[in-house]
Amino acid sequence: MTTPMESMESMEEFRRARDFLLEHREDYATAYKGFVWPRPERFNWALDWFDAIAQGNARTALHIVEEDGDEVRLSFAEMSERSNRVANWLRGQGVAAGDRILVMLGNQAELWETALAAMKLRAVVIPATPLLGPADLRDRVERGRVRHVLVRAEDTGKFDEVPGGYTRVVVGAPAAGWRTYEDAYAAPADFAPDGPTRADDPLMLYFTSGTTARPKLVEHTHASYPIGHLATMYWIGLRPGDVHLNISSPGWAKHAWSNLFAPWNAEATVFLHNYTRFDAARLMAEMDRAGVTTFCAPPTVWRMLIQADLTQLRTRPREAVAAGEPLNPEVIEQVRLAWGVTIRDGFGQTETAVQVSNSPGQRLKTGSMGRPSPGYRVELLDPVSGAPGAEEGEIALDLSARPVGLMTGYHGDPERTAEAMAGGYYRTGDVASVDEDGYLTYIGRSDDVFKASDYKISPFELESALLEHEAVAEAAVVPAPDELRLAVPKAYVVLAEGWQPGPDTAKVLFEHSREVLAPYKRVRRLEFAPLPKTVSGKIRRIELREATAAGSDAEYREEDFR
C-alpha cells in the first residue's frame, strides 16, 4: 500500500516540475535546458495530484454549456467527491485494478468523473467516441479485452451486436439489462484505494484513428499521460486560474491532452460548449461569457472560424494554439489581424504528448511548428542511412533520454513496437526539416510525400497554397499517375460558401496555383469533392489515392485551360 508520505513525495516532485515550467513559461532556453521529468516509482494522478489540489477548493474545475443554454459548473472539491462516489460504486459493480473499461460518452460531467474514478481504482480506460458503430465496437471489445462498458443511453443499442460478458453501465435514461450510473451518487463520499499505483501501471489504451491501416492500440501509463502532459501545459501557456477551451471530441487523445491533463495540471478551469452544428458567432459569445483565456482548436475549426466576423469576440484569448494537422499561414494571419494573438502550432501524436511546439513568448517563424518541447530530445533521421542529424528526415525521439510522455508501446503487438523503437529511437513516421536555429517545419507523413518528375512534393505545402485562395475551404493533395512525370499533384477541393464547382472555378484555382507555386509543384489535376475523414477528423488520404488511381470523370486537368 502506498503510504501518505510516499503520496506526498510523488505530489511534491510533480509540483516542482510543474512550477519550474510555469516560472519559465516564456523563457524557452531555460525551460528546455533545466526541465527534469518527475519519475516517481509510485504515482496516481487522481489521488496524489487532483485530490490534493481539490481539497477545500471551490474554484470551478469543469464548466459545460449546452446548446439550449443549460450549464453545469463543478468545483475542484465537488469533482473530487463525485469521483470518489463513482469509484466506490464501480468497485461495487465488480470493477477492479487492471480491468478494461470502455468509456463512450460525450462532453458531459460523467466523462470526467469516470476518468478520475477509474484512475483511483487502477482500472484501464479505453476511450471511445460516440460516433463509433457496432463493427468498431466489436473490434475494441475483443482486442481491448473489455470487461466493462460505460455509455450514453442513446448508444446502448449499438451493443446489441457486440457479444461479450462485460458489465453494462448506462449514463442517462435507464435501459433494460444495464446498470444505472445515477446510482453512483448515493455511494460513500470517502474513497480508500485497495493497493498502490505503480507509475508504470497501464492507465489508458487508445485505438488510433487508422488513416491508412487497422487502428493500433496505444498503451499509456499512470506517468506517460498525466506527467507527460506537463509539456502540453507548457506549450499551451496555461496558468493557474485560466479558463481553457479545447475543441475536441471525446474518445481521442487530444481530448485527454487538453480537456483533462494539461488544464488540471495547471489548476485551470476546463470549459466546453456543446453544439450539434458549428456556429462561430454562438461559440464566440460563449467564450466571452465564460472568460476564456486559452483556446485550442483543430485546423478545421480555425478554418471555419475565419469565415465569420472574428471581431465579434470582445475578450480575446491570451493564448491560441492548434494541433492535429499543421495550420496554414493564411489562417494564422487572419486570426492575428482580428484578435491580436498568433496561433501557435504544436506537433504530437496519440503515442506521445506534444513533442515540438511554438511555446509562449518565442519568436515564431512562418510555417514552422517550433522547437522540441522541454523533456524531448528530437532528432531527424536520414531517410537513407537512418542516422540522426539530417536537415530533412523522419522525426524521432532519442530513447537514451526517453521522455516520460512516450507510450509503453503498441499493446499486443511486439513486432510493431520493436519497429517503432528500432535503433534507439522512437520513429514517428512524420517528416520535417530543421533550420540553423533548431526550428522544425513539417513536411508530411512519410507515406504521403511523393515525387513528381523526380522532385519531392509535400502535400501540406500545396494544400497551404490552395487555402490562400478565398474559394477554398479545405483541400487535400495526393499523387495522380502520369505517363510523362510518373506522378503529378492532384487536389481534392471543398469550396467555400458562395463558390460553385465547375470549369470556371477550376480555371481560377489552376491560375492561382501557377501564380503561387514553383512549376514543378503546380497542381495539375483538380476535383471538387468532399474529403473522406476518420471519425477523429483526419483526412483519409489512402482513400483519395485509391480514388485517384481508379480515375474520375469529374476531374479537371490543367492542360485543358491553356
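- By the 6.0 Å contact criterion, CZ on Arg147 is open, its count of non-hydrogen atoms from other residues, nucleotides or ligands being 12 or less.
- Between Ser433 and Ile443, the closest side-chain pair of non-hydrogen atoms falls below 4.5 Å.
- Considering only heavy atoms from C-beta on, Leu245 stays 4.5 Å or farther from Cys296 through its side chain.
- Note that CG of Leu203 and CZ of Phe43 are 10.5 Å apart. Values are rounded to the nearest 0.5 Å.
- Classification of the Phe50-Trp264 ring pair by plane angle, with boundaries at 30° and 60°, yields tilted.
- Distance alone, capped at 3.5 Å, is enough to place a donor-acceptor pair between the Gln349 side chain and the Thr428 backbone.
- Checked by atom type and distance alone, the side chain of Arg122 never pairs as donor or acceptor with a backbone atom of Thr197 at under 3.5 Å.
- Within the 3.5 Å criterion, the main-chain N or O of Thr221 finds a donor-acceptor partner in the side chain of Ser224.
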- Task: For Glu13 and Ser10, run side chain to side chain donor-acceptor pair (under 3.5 Å): C-alpha distance rounded to whole Å, both residues' side-chain angles, the deciding distance at 0.1 Å, then the answer.
- Result: CA-CA 5 Å; Glu13 184 183 4; Ser10 295; 5.6 Å; no

- Item | Derivation and outcome, salt bridge (Lys or Arg N to Asp or Glu O under 4.0 Å), residues Arg541 and Glu463 | CA-CA 13 Å; Arg541 296 177 191 274; Glu463 292 157 9; 2.7 Å; yes

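- The distance from atom CG of Leu217 to atom OG1 of Thr208, rounded to the nearest 0.5 Å, is 8.5 Å.
- Relative ring orientation between Trp257 and His229 is described as tilted, the plane-to-plane angle lying within the 30° to 60° band.
- Put simply, CG on Leu272 and CG on Leu62 are 6.5 Å apart, with the number rounded to the nearest 0.5 Å.
- Side-chain N/O atoms of Asp398 and Tyr425 include no donor and acceptor closer than 3.5 Å.
- Checking Glu415, Arg416, Glu351 one by one against Tyr410, the side chain to side chain donor-acceptor pair (under 3.5 Å) holds for a single residue, Glu351.
- Shown here are the ring pair (Phe, Tyr, Trp, His ring centres under 6.0 Å) partners of His255, two or more places apart in sequence or in another chain: Trp112.
- You'll find the side chain of Glu219 stays beyond 4.5 Å of the side chain of Met407, heavy atoms only.
- You'll find the side chain of Pro374 stays beyond 4.5 Å of the side chain of His24, heavy atoms only.
- Atom CD of Glu391 has 12 or fewer neighbouring heavy atoms from other residues, nucleotides or ligands inside a 6.0 Å radius.
- Remark: the backbone N or O of Ala153 is paired with a side-chain donor or acceptor of Thr156 at under 3.5 angstrom.
- For the pair Arg140 and Phe207, the cation-pi test (distance below 6.0 Å, angle within 45°) is passed.
- The one candidate from Leu21, Val321, Asn358 that meets the side-chain contact (heavy atoms from CB on, under 4.5 Å) condition with Trp235 is Val321.
- In terms of modelled atom types and a separation under 3.5 Å, the side chain of His148 and the main chain of Val103 share no donor-acceptor contact.
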- Evaluate the side chain to side chain donor-acceptor pair (under 3.5 Å) criterion for residues Thr294 and His244: first the C-alpha distance (whole Å), next the side-chain angles of each, then the deciding distance (0.1 Å), finally the verdict. CA-CA 5 Å; Thr294 56; His244 180 58; 2.8 Å; yes

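- To the nearest 0.5 Å, atoms CG (Leu397) and OG (Ser373) are separated by 9.5 Å.
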- Test ring-ring contact (aromatic ring centres under 6.0 Å, His included) applied to Phe191 and Trp89, step by step: CA-CA 10 Å; Phe191 175 81; Trp89 183 78; over 10 Å; no

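- No donor-acceptor contact under 3.5 angstrom links the side chains of Lys120 and Asn44, judged on distance only.
- With hydrogens and angles ignored, the 3.5 Å screen pairs no side-chain donor or acceptor of Trp49 with any backbone N or O of Phe14.
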- Before giving the answer on salt bridge (Lys or Arg N to Asp or Glu O under 4.0 Å), spell out for Glu12 and Arg18 the whole-Å C-alpha distance, their side-chain angles and the decisive distance to 0.1 Å. CA-CA 10 Å; Glu12 288 303 324; Arg18 196 256 342 220; over 6 Å; no

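- Contact check for Asp99 versus Val146: no side-chain heavy atoms found under the 4.5 Å cut-off.
- Here the straight-line distance linking atom NZ of Lys158 with atom CD of Glu154 works out to 8.5 Å at 0.5 Å rounding.
- Note on ring orientation: taking the six-membered ring where Trp is involved, the planes of Tyr225 and Phe261 are perpendicular (angle over 60°, cut-offs 30° and 60°).
- For Arg168, the salt bridge (Lys or Arg N to Asp or Glu O under 4.0 Å) criterion is met by no residue, not counting sequence neighbours.
- In this structure, Asn265 contributes its side chain and Pro226 its backbone to a donor-acceptor pair below 3.5 Å.
- Counting heavy-atom neighbours within 6.0 Å of Glu142 CD, excluding the residue itself, gives a total of 12 or less.
- For the 3.5 Å distance criterion, the side chains of Tyr181 and Glu113 qualify, holding a donor opposite an acceptor.
- With a 4.5 Å cut-off on side-chain heavy atoms, Pro481 and Thr548 count as touching.
- Under the rule for a ring pair (Phe, Tyr, Trp, His ring centres under 6.0 Å), the partners of Trp37 that lie at least two apart in sequence or sit in another chain are Phe35, Tyr376.
- Partner of Met104 under the side-chain contact (heavy atoms from CB on, under 4.5 Å) criterion, out of Val171, Leu137, Val149: Leu137 alone.
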- Audit row: Asp155, Arg152, salt bridge (Lys or Arg N to Asp or Glu O under 4.0 Å) steps and yes/no: CA-CA 5 Å; Asp155 292 317; Arg152 305 180 305 179; 2.9 Å; yes

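- Here the CZ atom belonging to Arg371 is positioned 9.5 Å from the CG atom belonging to Asp435, to the nearest 0.5 angstrom.
- Panel note: side chain Arg545, backbone Val478; no donor-acceptor pair is recorded below 3.5 Å.
- Between Ile539 and Tyr492, every side-chain heavy-atom pair lies at or beyond the 4.5 Å cut-off.
- Arg138 has its side chain within reach of Glu161: a pair of non-hydrogen atoms, C-beta onward, lies under 4.5 Å apart.
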